[in-house]
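Below: the structure, in structure tokens.
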Amino acid sequence: MNIFEEYINKITALILENQKLLKLDNLNKFKGIVVESPPAEFDFDLSCNASLVLGKINKINPKELANKIKNLILKDLKDFKKIEIAGPGFLNLKLTNKSLIINIDKILENRKTYGKKNSNNNYNIEFVSANPTGPMHVGHCRGAIYGDVLANLLKFNGNKVTKEYYINDYGNQIKNFAKSVYLRIREIKYNEKFISKKDLYPGEYIIEIGKKIIDSNKNEKFDNFDESFNLLKKESLKHSMDLIKSDLKKLGIEHDNFFSETELIENKLVEKAVNYLKKNNYVQEGYLEPPKGDRDETWKKTKRLIFKSTLFGDDTDRAMQKNDGSWTYFANDVGYHMDKVNRNYKYLINVLGADHTGYVKRITAAVSALSENRVKLNCKVCQLVKLYKDAKPFKMSKRAGDFISAQDLLNEVNKDSIRFMMLNRSNDVELDFDFDKVLEKSKDNPVFYVQYSFARISSLFKTLNKDLNDKINLDSKVFLLNENEIKILRKIFEWPKIIETASSKYEPHKIPYYLYELATLFHSYWSKGNEDKKFKFIENGKIKKKETLAIIVLVATVIQRGMNILGVSLPDKM
RNA sequence: GCGCCCUUAGCUCAGUUGGAUAGAGCAUCGGUUUUCUAAACCGAGGGUCGUAGGUUCGAAUCCUUCAGGGCGCGCCA
């Protein structure tokens, strides 16, 4: 149920019926007409811009038109007790008690799904996909949470969502990773000092992995890297992925599908994709120009397979093969994405870190080519996370193993705060993550603020000895909302719209912002009781008005739905 | 040189399918508690929406110019 949609339909239908009376010709252009909440200073429930939009197209003075529409609405729709024309021609509308109650009842009857935007599509969201050569760092957490909440949001609306992780368990980096583990094992077993070199992984977790592999392979000598390679690769990857999965789990995230790059190679998916693209002339042998950025010493102008990604909006065509004829990382990814296309998803979403911005156009181009534009890949880039502690920036780099890992973060900050704070910003701006602030228990910390509002409601229900799910019967004869309750109700009406834009634009950050505003209204109302006894909810252990109870249940309902989507818990008591 | 993102109050940011007097939080200053949880509330000051143009009844929002900041620009992954 979305009250704005409901009334836009009623009002536009009414206008259509009375087209001649209103002297309107261009009625095929209803685009742009909306019903929304008026600015706070107007004491109305709804606002409609129909006369502004239609007046413009039909060259009619919007205020005159507004007046005619106003009379029509008053005559034909019995839902409003007051309509005013404001500003350049906005219609501000106030609902009758009866229609307010109808709308409140509708929400109360469908508490679990209030705000749901019905939809039934098949989505694949690829996110995290951190290299399996080491543990997750803080930057990964942002993308991880973003992807997870996006999935929750889309599922809430009724879509099917596969949460996927692409494991880059192939190529040189894995060789170097296994080599690092090998050298650490030699260090432990034979006292050979580990000397860190370029391309090796020095981090301490490598030692842990080495120990585990020694334990589970008591008879293995580890005296020849090449001979032990397969074993080392397999076991190191397993331990490393276990680390990552355990971090993800602590953040409340579980993927549905892990897709291995090695398997993709073994199943010849790249060849299949390349052959398909060749058939359509999207892949050809050719030469590329040297890159414009930093000089690359190993660059060679030789003939190789090239994907013509410029045909799909990329800045330059892309190599599918390296100097030695083997596939590039991109070629493998093309193979992977062909598999996704073949799995018949309607929408593909890739959540990437800021350092992969330059990759977006080519992989989007590849999906267009592979699906003949049938499937749209949407790449969402999460900008950097900047860590602060004691007002000093925390450095983060994956270089020497001195990055801030997800573990480090989880040791100090609980999952709820991490999730909420990482989402409390649009994904395409940098995010300052302040350790101190996130641990604070005050209004400074939005997580606590929202949770606290719910805890207050819970305690209220405990005092009343009532359950949040109890049925409430409202009576239009005595129905009366005070100004605090009206403000809250109007905010509650906006919830479906928040869900709609958050999910259609993939912008989950709108949810924490909204919840914070709703919590503010509730805290404010609550405090009114401290100033003036008449605003207290309870008298002699009983609720004073059923309307108040209904409003409070609505607040609790929306906060529950919202926090549920965010994957943040709601304690009863704080 | 090129691409993507950003530029809104002292600070951190919401707000873009064009709409009404541009909003929050922090910080600053001043108030509120014998309580349904003060982990809260109320009030005040604070703005040329980076610059310069354009589109129109109307622009933070759309187009163009320029400037500043971030990320990236390999046949690495």
message: Nearest whole Å is fine: how far is B:C57 P from A:L54 CG?
response: 17 Å
message: Both A:E36 and A:D317 contact RNA chain B. Which one's nearest nucleotide lies toward the 5' end?
response: A:E36
- request: Using the P atom as the reference point in each nucleotide, state the distance between B:G54 and B:A59 in Å, no decimals.
  value: 12 Å
field: Any strand: nucleotide that pairs with B:U61 via Watson-Crick or wobble, under 3.5 Å
entry: none
Sugar-phosphate only, base, or nothing, as touched by A:E539 at under 4.0 Å among non-hydrogen atoms: nothing
message: Roughly how many Å apart are B:U7 and B:A60, using the P atom of each and rounding to a whole number?
response: 15 Å
task: Please work out if A:F42 contacts a base, only the sugar-phosphate, or nothing of the nucleic acid, heavy-atom cut-off 4.0 Å.
output: base
query: Is any side-chain heavy atom of A:V438 less than 4.5 Å from a side-chain heavy atom of A:D434?
result: no
task: Determine the interatomic distance between P on B:U64 and the same-named atom on B:C76; round to the nearest Å.
output: 36 Å
- request: Indicate whether any N or O donor in one side chain lies under 3.5 Å from an N or O acceptor in the other, for A:E261 and A:Y336.
  value: no
statement: Mate of B:U7 across any strand shown (Watson-Crick or G-U wobble, both atom pairs under 3.5 Å) is B:A67
task: Side-chain contact test, heavy atoms from C-beta onward, threshold under 4.5 Å: evaluate it for A:K510 versus A:K497 and give yes or no.
output: no
message: Counting only side-chain heavy atoms from C-beta out, which of B:C6, B:C71, B:C36 sits nearest to A:D428?
response: B:C6
message: Under a 3.5 Å threshold, yes or no: a donor from one side chain and an acceptor from the other, between A:Q173 and A:N168?
response: no
- line: Winner on side-chain proximity to A:Y449, out of B:U17, B:A40, B:U12, is B:A40
- request: Give a yes/no on whether any side-chain N or O of A:Y516 is located under 4.0 angstrom from OP1 or OP2 of B:C26.
  value: no
- prompt: Quantified in whole Å, what is the P atom distance between nucleotide B:A44 and nucleotide B:G1?
  reply: 50 Å
query: For B:U32, what is the paired nucleotide under Watson-Crick or G-U wobble rules, both distances under 3.5 Å?
result: B:A40
message: Rounding to an integer number of angstrom, what distance separates B:U65 and B:C73 when you compare their P atoms?
response: 26 Å
- line: Mate of B:C2 across any strand shown (Watson-Crick or G-U wobble, both atom pairs under 3.5 Å) is B:G72
message: If only side-chain N and O atoms count, and only distance matters, is there a donor-acceptor pair under 3.5 Å linking A:S326 with A:D324?
response: yes
- prompt: Can you check the A:H523 NE2 to B:G25 C1' distance for me, whole Å?
  reply: 14 Å
field: Pairwise P distance, B:C66 and B:G23 [rounded to whole Å]
entry: 33 Å
message: Under 4.0 Å from OP1 or OP2 of B:U17: is there any side-chain N or O of A:K505 that close?
response: yes
message: I want to check one thing: is the phosphate of B:A77, taken as OP1 and OP2, less than 4.0 Å away from some side-chain N or O of A:K322?
response: yes
message: Using a heavy-atom cut-off of 4.0 Å across all strands, would you classify A:N49 as base, sugar-phosphate, or nothing?
response: nothing
- prompt: Does B:G15 have OP1 or OP2 sitting under 4.0 Å from an N or O in the side chain of A:K510?
  reply: yes
field: Atom-pair distance (OH on A:Y506; P on B:U17), nearest Å
entry: 17 Å
query: Where the side chain of A:S527 is concerned, which of B:U21, B:C36, B:C41 is the nearest nucleotide?
result: B:C41
- prompt: Judged by modelled atom types alone, do A:Y516 and A:N424 share a side-chain donor-acceptor pair under 3.5 Å?
  reply: no
message: What contact category does A:A86 fall into here, base, sugar-phosphate, or nothing, at under 4.0 angstrom with non-hydrogen atoms?
response: base
task: Run the salt-bridge test on A:K70 and A:E84 with the 4.0 Å N-O cut-off and return the result as yes or no.
output: no
- prompt: Which nucleotide in the list B:G70, B:A39, B:C6 gets nearest to the side chain of A:V429?
  reply: B:C6
query: What is the nucleic acid contact for A:H356, judged by heavy atoms within less than 4.0 Å: base, sugar-phosphate only, or nothing?
result: base
- line: In whole angstroms, the gap separating C1' of B:G25 from CG of A:L521 amounts to 15 Å
task: Name the nucleic acid region contacted by A:N92, choosing base, sugar-phosphate or nothing; use a 4.0 angstrom heavy-atom cut-off, strictly under.
output: base
query: Below 4.0 angstrom from OP1 or OP2 of B:U37, is there any side-chain N or O of A:S459?
result: yes
message: So is the aromatic ring of A:F90 stacked onto the base of B:A20, judging by whether the centres are under 5.5 Å apart and the planes are under 30° apart?
response: yes
- prompt: With a 3.5 Å cut-off and just heavy-atom distances, do the side chain of A:N424 and the base of B:A14 make a donor-acceptor pair?
  reply: no
message: Please report the distance separating the C1' of B:U33 from the corresponding atom of B:A39, rounded so that it comes out in whole Å.
response: 14 Å
field: Sugar-phosphate only, base, or nothing, as touched by A:K528 at under 4.0 Å among non-hydrogen atoms
entry: nothing
- prompt: Side chain of A:A354: nearest nucleotide among B:C36, B:U37, B:C71?
  reply: B:C71
query: A:Y513 has an atom OH; how far is it from atom P of B:U16, in whole Å?
result: 12 Å
- line: Out of B:A20, B:C42, B:C36, minimum distance to the side chain of A:W526 belongs to B:C36
message: Please determine whether a side-chain nitrogen of the Lys or Arg among A:D333 and A:K340 lies less than 4.0 Å from a carboxylate oxygen of the Asp or Glu.
response: no
message: Measuring only the P atom in each nucleotide, how far is B:G50 from B:G68? A whole number of Å is fine.
response: 16 Å
query: If you check the A:P39 side chain, which of B:C41, B:C76, B:A20 turns out closest?
result: B:A20
- request: Specify the residue among A:R362 and A:D572 whose closest nucleotide of RNA chain B lies further upstream toward the 5′ end.
  value: A:D572
field: Counter-base of B:U56, judged by Watson-Crick or G-U geometry with both distances under 3.5 Å
entry: none
message: What is the distance, to the nearest angstrom, from the CD atom on A:E507 to the C1' atom on B:A14?
response: 11 Å
- prompt: Cut-off 3.5 Å, side chains only: do A:E507 and A:T501 have a donor facing an acceptor?
  reply: no
task: Scan A:S47 against the nucleic acid and name what it touches under 4.0 Å (heavy atoms): base, sugar-phosphate only, or nothing.
output: base
message: Can you identify which nucleotide, out of B:C75, B:C36, B:G3, has its nearest atom closest to the A:K361 side chain?
response: B:G3
- prompt: Which whole-number value in Å describes the distance from A:W299 CH2 to B:C75 C1'?
  reply: 8 Å
message: Just to be sure I understand the rule, does A:G171 reach a base, reach only the sugar-phosphate, or reach nothing, if contact means heavy atoms closer than 4.0 Å?
response: nothing
- prompt: Quick one: A:H509 NE2 to B:C5 C1', roughly how many Å, whole number?
  reply: 14 Å
- prompt: Which one is paired to B:G47, where only Watson-Crick or G-U wobble pairs with both distances under 3.5 angstrom count?
  reply: none
- prompt: Below 3.5 Å, does any donor atom in the side chain of A:R304 face an acceptor in the base of B:C75, or the other way round?
  reply: yes
task: Check whether any side-chain nitrogen or oxygen of A:S524 sits under 4.0 Å from OP1 or OP2 of B:C42, and answer yes or no.
output: yes
- request: Give a yes or no on whether the ring-centroid distance for A:Y282 and A:F312 is below 6.0 angstrom.
  value: yes
